[in-house]
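Below you'll find the structure, written out as structure tokens, and then a few comments.
Atom set for the values below is all heavy atoms of this structure, side chains included, hydrogens, waters and symmetry mates excluded.
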Amino acid sequence: TAYEMLRSLVGSEMCIRDRVSTQSTGSNQTNMSLAATQDMKKALARLQKDNEGRLQLEQQLQADFSTTKARVEGLNQAFEMLSEVFVEQFDVLRQEAVQARE
């Protein structure tokens, strides 16, 4: 055990031996904690990068949607205008046909 008694060790020497053992264990724990912290920082950096990519994609999709919406509205207006012109031209042709029969 850590407190193994040897006839040649006196009290202060046993304390020194135990302190060195504890320091090396603490050092290992610190190294493990540093490694875990570095891993978490790397994971966080990857998540932030992914999030930035998703945000850019979302912004691009919103811009594309706005552009498409504006184009569809423009096409609807053009269709309405063409429909009105078509109806007017059809009415003119029908009146001409009626007048030709008379």
Side-chain angles (χ1 to χ4, degrees):
T1 66
Y3 295 103
E4 183 177 324
M5 297 291 274
L6 297 176
R7 294 178 195 257
S8 61
L9 295 177
V10 294
S12 62
E13 291 171 329
M14 286 191 302
C15 291
I16 292 169
R17 182 198 63 196
D18 291 341
R19 185 172 53 230
V20 170
S21 175
T22 303
Q23 286 175 350
S24 66
T25 302
S27 177
N28 288 339
Q29 289 175 345
T30 301
N31 288 340
M32 289 173 37
S33 295
L34 288 174
T37 301
Q38 290 172 348
D39 288 345
M40 285 195 279
K41 285 181 180 180
K42 289 177 185 176
L44 181 59
R46 284 192 303 268
L47 288 172
Q48 287 173 334
K49 186 175 180 181
D50 288 347
N51 191 38
E52 288 172 2
R54 288 179 183 165
L55 179 60
Q56 289 174 351
L57 180 60
E58 179 67 28
Q59 290 171 341
Q60 183 62 44
L61 288 172
Q62 286 177 354
D64 291 348
F65 177 78
S66 296
T67 301
T68 302
K69 182 180 175 186
R71 288 179 179 172
V72 167
E73 288 172 352
L75 288 171
N76 281 337
Q77 289 175 351
F79 180 74
E80 287 176 15
M81 290 170 54
L82 286 173
S83 295
E84 289 174 8
V85 168
F86 177 76
V87 169
E88 288 174 7
Q89 288 297 321
F90 184 76
D91 287 343
V92 168
L93 289 174
R94 187 173 41 173
Q95 286 176 358
E96 288 175 358
V98 169
Q99 288 176 355
R101 286 186 189 169
E102 292 177 355

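- Distance CG/D50 to CD/Q48: 10.5 Å, rounded to 0.5 Å.
- To the nearest 0.5 Å, atoms CG (L55) and CG (N51) are separated by 6.5 Å.
- For the side chain to side chain contact (heavy atoms under 4.5 Å, CB included) with K41, the qualifying choice from T37, L44, D39 is T37, the only one to do so.
- Contact annotation: the side chain of L93 approaches that of E96 to within less than 4.5 Å [non-hydrogen atoms, C-beta and beyond].
- In this structure, CD in E84 is found 11.0 Å from CZ in F79, a value given to the nearest 0.5 Å.
- Not counting sequence neighbours, the partners of D91 by the salt bridge (charged side-chain N to carboxylate O under 4.0 Å, His left out) test are R94.
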Verdict with supporting geometry, E102 and V98, side-chain contact (heavy atoms from CB on, under 4.5 Å): CA-CA 7 Å; E102 292 177 355; V98 169; 3.9 Å; yes
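- Judged as a side-chain hydrogen bond (donor to acceptor under 3.5 Å, both in side chains), the pairs with a partner in residues 63-78 (not counting sequence neighbours) are, in order, Q60-D64.
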